[in-house]
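Computed from heavy atoms alone, side chains included, the values below leave out hydrogens, waters and symmetry copies.
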Amino acid sequence: MTVSTSSTSPTSPRPTLRLAAIGDIHDCWTATDNALIEQLDVDLVLFVGDFGNESLPTIRQVARVPRPAAAIYGNHDAWYTASPWGQGKRPYDIHTDNWFEQQLELLKDLEIGYRYRDFPDFNLSAIGGRPFSWGGSEWKYKKFYRDRYGVKNFADSIAKQVEAIEHAAHDTLIFLGHTGPTGMGDQPEDPCGKDWNPIGGDYGDPDFAAAIDQAIALGKHVPLVVFGHMHHNLRHRSDRLRRCIHHNDSGTLFFNAARVPRTIKIDDQTLHQFPLIEITDGSVTAINLVWLNADGITMKTEAVYRHS
């Protein structure tokens, strides 16, 4: 197993750990976002995947993020590779210009799918769930996962994630997935609820849920699970947004960070959205969505969660 570690932080340790959890990017990450991340002075950046359809320009910018970071790939990041349908639409020649393999090389120091990354300055490890996940109870991309990871089913996938948990250096774990785990409700408005026909059903990853449960059973402290995939705008209704926060009985906070699009135009300005998470004394105490303009001025703030 390849292990990626970080031994430096942007500042000396602070009482409150500040994270940026970047939801589905879909080509909306540029050098401006890297500059804004530096200005926000966060300790750690978490990317939940769907950078684009095997989008090398976007991946190049993500790889330059100027803070300690961890990332996982989403289903769009294997759009032309994981399925026969996608391979038939592939806009490049894999023999001369393989976008998929190039993105893996560009992000190899940050990506943690089926792996872990230790952050000793923060006394925690980040654990990656199943990369390139589409979600749901069906085992998809069978040949892709078998050939690339030696994973043939959900049981194999659980074992890969548990191996990462057991090898991580720290007992405080943050889990990072593209699709969230099962168990947060089966309504279309739930964090991983199915909002397309037929409406309803829990479309989370059962293997991700099992791995998180196993970590807790092993005595690990899991304050936070971050994921995306299911966008905040619902497909079947426009009068409300998807529920993005969930808690379990062990005190873990689950956060769906997929606000899409993550940049919006207001008048003549482009606003860049960043979900900012605060962890104090081992618990998530606040999540705020902030929108900055290109000059770094905060134009809008939305309080998503406050510890009560």
Side-chain angles (χ1 to χ4, degrees), residues 1-7 9 13-19 21 43-48 68-72 110-131 133 149-151 153-185 191-192 202 204-227 245-257 277-287 305 307-308:
M1 173 187 298
T2 302
V3 179
S4 180
T5 61
S6 172
S7 60
S9 60
R14 294 182 276 209
T16 294
L17 183 67
R18 288 166 45 85
L19 302 88
D43 298 300
L44 182 60
V45 184
L46 305 174
F47 293 94
V48 305
I72 193 165
L110 300 185
E111 201 275 329
I112 61 167
Y114 282 148
R115 303 191 299 165
Y116 66 94
R117 189 173 190 188
D118 295 323
F119 294 95
D121 288 324
F122 312 132
N123 195 31
L124 65 83
S125 299
I127 306 293
R130 172 164 38 106
S133 172
Y149 298 104
V151 171
N153 48 43
F154 285 120
D156 289 349
S157 184
I158 294 167
K160 292 280 283 187
Q161 294 172 69
V162 171
E163 181 183 4
I165 293 165
E166 293 175 337
H167 282 83
H170 303 288
D171 287 333
T172 296
L173 306 179
I174 290 176
F175 279 81
L176 186 61
H178 178 58
T179 302
T182 54
M184 294 181 286
C192 295
D202 186 342
D205 283 340
D207 49 332
F208 197 27
I212 295 166
D213 288 345
Q214 183 65 22
I216 294 169
L218 290 169
K220 306 295 183 179
H221 174 53
V222 183
L224 177 67
V225 177
V226 178
F227 55 96
I245 298 292
H246 183 81
H247 289 89
N248 67 8
D249 293 337
S250 299
T252 302
L253 185 141
F254 299 78
F255 175 48
N256 182 337
I277 303 172
E278 296 181 0
I279 299 178
T280 306
D281 296 329
S283 297
V284 177
T285 51
I287 301 178
Y305 172 78
H307 179 69
S308 57

side-chain hydrogen bond (donor to acceptor under 3.5 Å, both in side chains) partners of D202, counting only residues at least two apart: none
Drop me the distance from [X]'s [atom1] to [Y]'s [atom2], to the nearest 0.5 angstrom.
X    : Y    : atom1 : atom2 : result
E166 : Y116 : CD    : OH    : 11.5 Å
H221 : D171 : NE2   : CG    : 10.5 Å
I165 : I158 : CD1   : CD1   : 10.5 Å
F255 : L46  : CZ    : CG    : 10.5 Å
F208 : Q161 : CZ    : CD    : 6.5 Å
Q214 : I212 : CD    : CD1   : 12.0 Å

Given [X], which of [options] fulfils the side chain to side chain contact (heavy atoms under 4.5 Å, CB included) condition?
X    : options          : answer
L17  : D43, I277, T280  : D43
L253 : I279, V225, I245 : I245
P68  : L44, L110, D121  : L44

Aromatic ring pairing Y305/H247, orientation class (parallel under 30°, perpendicular over 60°, tilted between): tilted
List the atom of [X], the atom of [Y], and the distance in Å for their closest heavy-atom pair.
X    : Y    : value
A257 : A21  : CB-O, 3.8 Å
F175 : A211 : CZ-O, 4.3 Å
T182 : G204 : CG2-O, 3.3 Å
P223 : T172 : CD-CG2, 3.9 Å
I127 : A164 : CD1-O, 3.9 Å
P181 : C192 : O-SG, 4.0 Å

[X] side-chain N/O to [Y] backbone N/O, donor-acceptor pair under 3.5 Å:
X    : Y    : answer
N248 : S250 : yes
T179 : D205 : no
H307 : S283 : no
D118 : A169 : yes
R117 : G128 : no

Contacts of type ring-ring contact (aromatic ring centres under 6.0 Å, His included), residue H246, not counting sequence neighbours: F254
Residues which pass ring-ring contact (aromatic ring centres under 6.0 Å, His included) with F47, listed by chain and number, not counting sequence neighbours: W29
Residues H170 and N123: side-chain donor-acceptor under 3.5 angstrom: yes
Do [X] and [Y] have side chains that approach each other closer than 4.5 Å (heavy atoms only, starting at C-beta)?
X    : Y    : answer
F227 : P191 : yes
L176 : V48  : yes
T252 : I216 : yes
E111 : I72  : yes

Residue pair V151, Y114: steps toward the side chain to side chain contact (heavy atoms under 4.5 Å, CB included) verdict: CA-CA 10 Å; V151 171; Y114 282 148; 3.8 Å; yes
